[in-house]
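Notes for the one structure printed next.
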Amino acid sequence: MSSTSLSTGRSWRPSLPRRHVPVLATLALLLVMYGIGVSQYRAFSNIQVVFNVFIDNGFVLVVAVGMTFVILTGGIDLSVGSVVAMTAMVSASLLRDGLPAALVLVIALLIGPTLGFLMGCAIHFFEIQPFIVTLAGMFFARGMCTFISDSSISITDGFWTSMSQQRIGDPAGNFVSISVLIAFAVVLIAAYVLAYTRFGRNVYAVGGNAQSALLMGLPVARTRIAVYTISGLCSAIGGILLSFYTLSGAPLIAVGMELDVIAAVVIGGTVLTGGSGYVFGTVLGVLVLGVIQTLITFDGSLNSWWTKIVIGGLLFAFILLQRLIGIRFK
Amino acid sequence: MTAVADRLRPLTGHRLFWPALVLVVMLAANTVYRPGFLAVEVKNGHLYGTPIDILRLSAPLILVALGMTLVIATGGIDLSVGSLCAISGAIACLHISGAADQNSPATVATALALAFGAALVLGAWNGILVAVIGIQPIIATLILMVAGRGIAQLVTEGQIITINSGPYRAIGLGHFLTLPLAILIALAAALLVAAFTRRTALGLIVESVGGNAEASRLAGIRSRRIVFLVYVISAVCAALAGFMVTANVSSADGNAAGLWIELDAILAVVIGGTSLAGGRFSLGGTVLGALIIQTLTTTVYAMNISPQTSLLFKAVVVIAVCLVQAPAFRARLRRRRGTEPGPAAPQREKEQVPA
Amino acid sequence: MTGNRPVLTMTGISKTFPGVRALHDVDFRLFPGEVHALMGENGAGKSTLIKVLTGVYGTDAGVITLDGEQVSFSGPMQAAAAGVSTVYQEVNLCTNLSVAENVFIGREPRRLGAVRWGEMRRRARDLLARLDLDLDVTAPLGTYSLAVQQMVAIARAIDVQARVLILDEPTSSLDAGEVAQLFRIMRQLRDEGIAILFVTHFLDQVYGIADRITVLRNGTLVGEYRTEELPQFSLVEKMIGQELDVLERLDEQQKRATVDADDEAPLVDAAELGRRGAVAPFSLRIHAGEVVGLAGLLGSGRTEVARLIFGADRADHGQVRLDGGRAPVRNPIQAIGQGVGFCSENRRAEGIVPELTVRENMMLALQAARGWLRPIPRRRQDELVRRYVEALSIRPANPELPVRNLSGGNQQKVLLARWLITEPRLLILDEPTRGIDVGAKAEIQKLVVQLSDGGMAVLFISAELEEVLRLSHRVAVMRDREMVAQLDNDDTLDADRVMRTIASGTPREEVTR
Amino acid sequence: ACGNSDTGGDSGDGNDKIVLGFSQVGAESGWRTANTTSIKEAAAEAGIELKFDDAQQKQENQIKAIRNFIQQKVDVIAFSPVVESGWDTVLKEAKDAKIPVILTDRAVDSADKSLYKTFLGSDFVKEGRLAGEWLVEQKKAAPGPVNIVELQGTTGSAPANDRKKGFAEAIATNPNLKIVASQSGDFTRAGGKQVMEQFLKANPKIDVLFAHNDDMGLGALEAISAAGKTPGKDITIITVDAVKDGMQALADGKFNFIAECSPLLGPQLMELAKKVKAGEEVPARIETEETTFTQEQAKEALPNRKY
Ligand SMILES: Nc1ncnc2c1ncn2[C@@H]1O[C@H](COP(=O)(O)OP(=O)(O)OP(=O)(O)O)[C@@H](O)[C@H]1O
Ligand SMILES: Nc1ncnc2c1ncn2[C@@H]1O[C@H](COP(=O)(O)OP(=O)(O)OP(=O)(O)O)[C@@H](O)[C@H]1O
Ligand SMILES: [Mg+2]
Ligand SMILES: [Mg+2]
């Protein structure tokens with residue numbers, strides 16, 4: 001019996017590629033969660049609810065994509081929430097000062113990557129832990145927000161307003177915002193970069209084992225600095241989307257967003273130590289958090305503390321199931 | 001100049017030298033700004049002054065950071081400590097506020113026991129999620145970070161529970177031998193943890209698990225137990241910190257108590273020289289790190305830096321602290337100043353090294 | 001080859017690590033179209049010289065020229081760009097990436113900037129076929145054994161159009177067939193005019209392929225010799241720095257008589273032990289004082305057998321018992337508790353804890369067995385550590401150094417010491433002599449003999465068949481993840497017969513016991 | 001958690017029970033919790049079905065909640081904006097869905113006033129001004145300079161900005177009144193205490209403390225006592241809010257003056273909700289009935305203080 005059972009041993013690998021199991025499990029669980037929503041609350045089945053999840057999380061998605069790059073290399077970027085706020089704040093204040101929209105966009109989109117680049121350099125060349133560098137970056141960006149203004153600034157610029165209020169939708173009245181399209185574009189580009197470019201593969205290699213990557217002759221320095229720059233860029237884009245979304249810059253917006261984003265990335269199956277994960281997983285992670293939030297709002301009977309407890313509980317249930325499915329398929 | 005540098009080598013080579021230097025520089029800067037900064041006087045039979053405040057206020061952070069150090073040494077992270085502070089403080093204050101005699105030591109003891117019990121349960125919960133179920137630590141503890149705030153507010157029903165209990169208050173504000181009790185408790189805890197890890201083999205085993213989990217498993221280490229244990233220790237430390245935070249203001253605020261302390265604690269651990277990747281840890285470094293953070297906060301107030309710019313100030317200081325500490329940065333500086341031969345001038349060197 | 005100019009010269013290279021002088025005024029030349037062996041004991045500075053050359057480390061002093069021009073690489077990337085292709089000691093690949101990617105990352109075939117996955121896989125398959133490997137190139141590298149990973153690393157290096165190829169102990173866990181394959185390719189490359197720098201501790205490999213030899217001792221240059229002008233024994237003398245009759249002693253070693261223990265109860269009794277996808281169920285008994293060797297080709301499942309017996313992997317078939325009676329072994333903790341030690345072949349991933357010191361690494365298993373509440377007194381630690389640092393000649397002999405700063409061979413010795421300290425009843429050694437120099441290897445072999453004479457059972461795995469035959473009382477032969485035979489190591493058994501068994505698969509009847 | 005399911009979906013027509021979607025800032029203080037409680041109780045009393053959402057101090061969450069209320073087709077949406085700006089887009093969606101919006105507690109600075117029906121709440125600037133005016137009145141006879149320290153709320157938050165502004169405006173009338181130090185105590189007791197400790201050490205002579213809420217003031221009390229000074233005597237303490245603990249301190253003579261900021265706007269909100277639902281005209285701005293307390297007034301008011 002032994003030898004026969006073993007002759008098939010070489011192909012014992014399940015036909016489903018094992019590395020896709022976590023993402024597929026997450027997708028399945030997400031659908032289950034959506035199903036629960038639909039069965040419990042009638043208006044939940046409305047397609048606009050799904051669209052709203054995207055509209056409301058478009059900027060989170062973009063930031064999470066940037067974070068995925070960083071986490072894939074085994075790093076972490078705590079500055080994202082503050083950079084988002086800073087970008088929105090800078091845009092709002094420049095627009096208030098009457099600068100043309102195009103110029104403001106360029107400036108706003110430059111600040112984030114520049115900060116990211118500097119942080120990347122500090123992390124790589126001075127070998128300081130990413131946590132601490134990006135925490136300083138977080139302080140800095142948030143400090144810039146309150147430095148610019150300690151109260152929120154409205155945006156009345158025509159371009160911003162039209163980006164904000166443009167609805168792209170079907171005759172039935174369902175719609176998405178332009179931000180959602182931008183977010184999708186970012187996701188697709190990022191997925192392509194990670195899967196099909198040399199740089200993308202280097203990101204995985206550095207996350208797998210930076211020392212080995214170095215000895216394999218890969219540009220570790222460039223890759224490391226680049227991911228923080230990309231994260232900065234994504235945060236900047238996220239900041240612009242947020243300023244479309246709220247048509248304002250507020251010093252305290254997006255506080256604690258970094259944790260949500262990291263959570264989304266990790267829930268999406270990316271391992272915090274780096275080297276494995278997909279952008280698509282990150283999309284799912286963001287959706288999971290978005291749907292949980294939607295479920296809570298639809299329920300509408302929870303008081304403030306039960307809200308938190310239920311969010312934690314749903315998160316727990318989700319992660320537990322995800323983990324158990326993962327183990328089963330191993 | 002090199003001679004001096006050489007004589008100082010054993011000192012500068014010490015792990016704790018750079019964090020300690022940073023602390024000293026910060027205190028010195030404050031003293032320059034306000035000469036009275038370091039002044040300590042005796043008031044009502046105990047010491048009074050800014051340094052004492054710093055010590056007292058850093059006590060909860062030291063406690064949380066101690067537990068965090070062990071967690072981080074195993075390669076994990078514990079985001080739930082802030083919520084645990086709030087929960088334990090809330091439970092203790094709730095019990096005391098409901099008691100007939102708030103000043104009775106028995107009441108306070110029961111309150112502490114209840115809160116400790118809760119912390120143990122919640123720490124075990126974290127431990128099970130990480131060690132048994134195998135969820136990534138950051139997510140596993142995020143669950144309790146979110147839900148824990150809710151639990152704390154559930155306990156306080158969203159209100160601030162004010163108490164009036166002398167013995168409980170002493171945890172945060174009492175004095176012993178003219179020194180604040182809080183810092184003594186924190187130091188005792190630090191010594192206890194140090195003894196617990198360095199007098200036993202726990203420290204070695206924690207470092208081994210964090211340094212190479214698979215190798216540790218094959219060496220026969222029960223890494224699950226160890227990982228479980230560190231989360232419980234972290235929770236207990238957080239609970240103790242929670243008592244201090246609430247006793248300090250004689251009230252439990254489910255929302256604000258221990259808010260963002262997890263970030264400060266992680267920062268303290270990292271400044272203290274423990275790597276977030278796990279492995280070697282330094283309790284002394286952590287204590288110094290916590291003192292640095294509290295000094296920084298106090299500096300902002302003492303120098304009356306406007307709240308609008310205080311975060312910028314903090315950013316600059318944190319980055320400076322990291323740079324001074326980073327050996328790579330110092331090496332670069334030295335190379336630039338030319339005290340160390342660079343690869344640029346190898347020939348000349350060769351002549352100095354006769355075969 | 002002597003007529004032309006060297007493609008690479010290193011002159012007056014010095015490199016000091018805090019507290020350790022790794023290289024001192026070393027010169028080295030490499031000519032096109034030669035295979036040049038770099039020899040030396042563990043910690044002599046071979047790997048450091050290579051890392052200095054490729055810019056992983058900066059030098060303290062010295063000049064490197066490539067094609068007559070002075071160079072100073074900032075890192076492997078630049079070195080590779082200049083035509084220096086390197087396989088470093090230990091496998092330095094990314095286990096999370098697929099096999100194909102590990103071969104090609106950094107120079108993936110692309111169209112319009114996009115990686116062509118299909119093309120890459122095809123080329124990886126072709127390249128690996130040249131090395132006689134048939135792997136699923138889409139599988140993560142980590143699913144393969146260390147030896148396979150080593151082959152992949154070699155494949156990566158030889159694919160490059162390089163002028164200089166550096167191989168730092170590439171053969172340390174390869175079996176004879178694989179080595180022959182590698183040598184064939186090395187000769188081919190040499191004939192194309194490529195200069196090859198080759199590090200190994202196998203003397204016969206050196207004499208099999210090298211044209212010239214440079215010997216390092218203690219970080220200093222001993223000399224550069226033509227292979228044919230340097231007899232084996234004087235090479236060893238030059239490496240060790242004193243006259244030694246190790247080699248002779250080794251050759252003289254007698255065949256080991258079979259332990260006469262048929263009637264005795266076995267110490268280890270693995271009954272129909274197996275794991276789907278890893279090894280077919282096998283039965284193996286080991287008696288106290290017996291050395292059982294495991295022979296087989298790369299990937300034949302030797303490591304898997306060892307891991308199952310140790311409980312490192314969960315068996316889904318059968319069980320192992322020690323001493324008959326007690327509960328079966330299910331995990332490493334139980335195994336260690338019952339007196340089993342397991343020295344893994346993959347010392348970097350499964351062996352050392354790099355941050356910890358030599359002392360701490362050595363004490364780990366013993367401490368784990370005692371539990372964390374009962375620390376080993378420092379005096380006892382120091383004593384044990386001193387004993388094994390001496391016995392295994394670990395260098396530098398400073399037990400407070402982080403183990404990651406030790407050379408590869410010395411790390412291996414530290415691991416060995418870790419298990420010897422626990423005084424196990426069964427010691428499983430998976431490639432214990434991997435990357436260990438001749439002198440130390442002889443010491444370790446002697447140790448195995450001593451220990452088994454003293455009553456310890458040993459399961460000995462090595463890619464070097466001679467070594468297995470020299471030490472074992474009995475040889476279990478693995479083929480295709482199946483234990484096909486267990487042969488008594490009597491006068492009739494020789495390498496040839498084992499190879500034949502491996503190749504043909506002896507019918508089950510012939511299996512002894 | 002997912003118990004009472006479908007009820008919210010099909011309101012509006014046929015069903016005469018009004019459905020009110022309310023998005024609260026969070027539960028960051030006792031004041032806020034009292035606010036929430038008041039609204040919940042009032043809704044139950046008025047027979048209005050309340051869909052409650054807690055935004056946990058995040059504007060993003062509030063926008064999400066409003067979008068979801070629109071999806072659920074509630075009859076009226078009410079919310080306490082986390083920040084003043086950034087509501088136009090989502091409010092426009094509500095308007096398009098013909099759902100009236102009521103702002104509570106904080107205003108929004110939208111140019112398009114048609115986006116919401118009315119604002120119900122307090123005027124933070126006025127609170128600061130009341131506090132300042134009281135102080136000016138008290139110190140008008142002061143011979144020399146009066147040193148004031150200020151404990152601000154969370155940097156960047158509306159109440160902090162407005163109370164600071166109102167207070168500064170009011171005391172500008174008397175050049176003797178000078179703010180010597182101003183720091184953020186994050187609206188918490190611990191923050192107030194920690195900052196006050198440093199104020200006391202850095203400034204030898206502090207005459208007045210103005211805290212942006214009671215909690216920070218209560219925290220500061222401890223620091224003042226520890227420094228060997230008597231709160232309410234050596235240092236005049238002015239705060240805002242008038243929660244129960246604050247009133248107690250005022251009655252005990254530790255505080256000197258509180259400008260009230262009442263959280264109890266539930267009944268008024270329900271009334272408004274009914275009116276806008278019925279299509280009645282309502283005033284564009286309704287301020288909650290608020291007062292100020294001196295020590296004597298506090299002693300009277302304390303016994304029937306609910307929160
Ligand atoms: N990163 C490092 N830090 C400190 N010391 C080091 C470091 N790397 C190597 N050494 C020391 O330098 C010396 C030379 O080591 P090296 O790795 O070059 O030896 P080797 O000849 O390759 O030995 P082996 O045959 O065991 O691989 C050793 O004494 C080692 O301890
Ligand atoms: N030619 C091959 N094709 C596919 N898988 C292989 C091949 N060779 C080795 N493997 C992998 O090697 C592993 C089994 O090898 P194991 O480590 O037990 O071998 P071994 O006999 O110890 O050989 P070595 O350690 O020398 O590689 C399996 O996980 C298998 O995936
Ligand atoms: Mg070497
Ligand atoms: Mg093997």
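Numbered from 1 within each chain, the chains take letters A, B, ... in sequence-line order.
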What part of [X] gets within 4.5 angstrom of chain D, counting heavy atoms only: side chain, backbone, both, or neither?
X	answer
A:Phe175	side chain
A:Asp260	side chain
A:Phe244	backbone
A:Trp306	neither
A:Ile47	neither

### Message
Looking only at heavy atoms and a cut-off of under 4.5 Å, which of A:Asn303, A:Thr161, A:Ile296, A:Leu314 has the most pairs with chain D?
### Response
A:Asn303

### Query
Any idea which of A:Leu242, A:Thr307, A:Asp56 has the most non-hydrogen atom pairs under 4.5 angstrom with chain D?
A:Asp56

### Message
Taking the ring of D:Trp87 and the ring of D:Tyr116, is the distance between their centroids below 6.0 Å?
### Response
no

Chain A contact via [X] - side chain, backbone, both or neither, heavy atoms under 4.5 Å:
X	value
D:Ile70	neither
D:Lys92	both
D:Gln57	neither
D:Gln59	side chain

Donor-acceptor side-chain pairing of [X] and [Y] below 3.5 angstrom:
X	Y	answer
A:Lys308	D:Gln56	no
D:Lys64	A:Thr297	no
D:Thr188	D:Asp215	no
D:Ser110	D:Asp112	no
A:Asn46	D:Gln71	yes

### Message
With a strict 4.5 Å heavy-atom criterion, list every residue of residues 148-166 of chain D that contacts chain A, or say none.
### Response
D:Thr154, D:Thr155, D:Gly156, D:Ser157, D:Asn161

### Derivation and outcome, side-chain contact (heavy atoms from CB on, under 4.5 Å), residues A:Ser243 and A:Trp160
CA-CA 8 Å; A:Ser243 66; A:Trp160 249 260; 2.8 Å; yes

### Query
So which of D:Asp96, D:Val90, D:Leu50, D:Thr36 has the biggest tally of heavy-atom pairs under 4.5 Å with chain A?
D:Asp96

### Query
Looking at D:Ile63, D:Asp88, D:Val82, D:Asp53, which one has more heavy-atom pairs under 4.5 Å with chain A than the rest?
D:Ile63

### Query
Hey, are D:Arg106 and D:Glu84 close enough for a salt bridge, meaning a charged N less than 4.0 Å from a carboxylate O?
no

### Task
Identify whether the distance between the nearest side-chain nitrogen and carboxylate oxygen of D:Asp105 and D:Arg32 falls below 4.0 Å.
yes

### Task
Evaluate side-chain contact (heavy atoms from CB on, under 4.5 Å) for D:Ile179 paired with D:Ile171, printing each intermediate quantity in order.
CA-CA 9 Å; D:Ile179 297 182; D:Ile171 61 169; 3.9 Å; yes

### Task
Please state whether the rings of A:Phe184 and A:Phe54 are parallel, tilted or perpendicular, taking 30° and 60° as the class boundaries.
tilted

### Query
Would D:Phe124 and D:Cys261 count as a side-chain contact (heavy atoms from CB on, under 4.5 Å) if you check the C-alpha gap in whole Å, the side-chain angles of each, and the deciding distance to 0.1 Å?
CA-CA 8 Å; D:Phe124 300 138; D:Cys261 177; 4.2 Å; yes

#### Entry: Axial cation check for D:Phe69 ring with D:Lys51, 6.0 Å and 45° limits
no

#### Entry: Test log, rule side-chain contact (heavy atoms from CB on, under 4.5 Å), inputs D:Asp75 and D:Ile48
CA-CA 10 Å; D:Asp75 298 311; D:Ile48 288 179; over 6 Å; no

### Task
With ring-ring contact (aromatic ring centres under 6.0 Å, His included) as the test, would you mind laying out the steps for D:Phe79 and D:Phe22 before giving the verdict?
CA-CA 5 Å; D:Phe79 70 107; D:Phe22 181 75; 8.6 Å; no

#### Entry: A:Met138 side chain near A:Glu258 side chain, heavy-atom distance below 4.5 Å
yes

## Note on the structure
Within residues 147-159 of chain A, contacts to chain D at heavy-atom distances under 4.5 Å involve A:Asp150, A:Ser151, A:Ser152, A:Ile153, A:Ser154

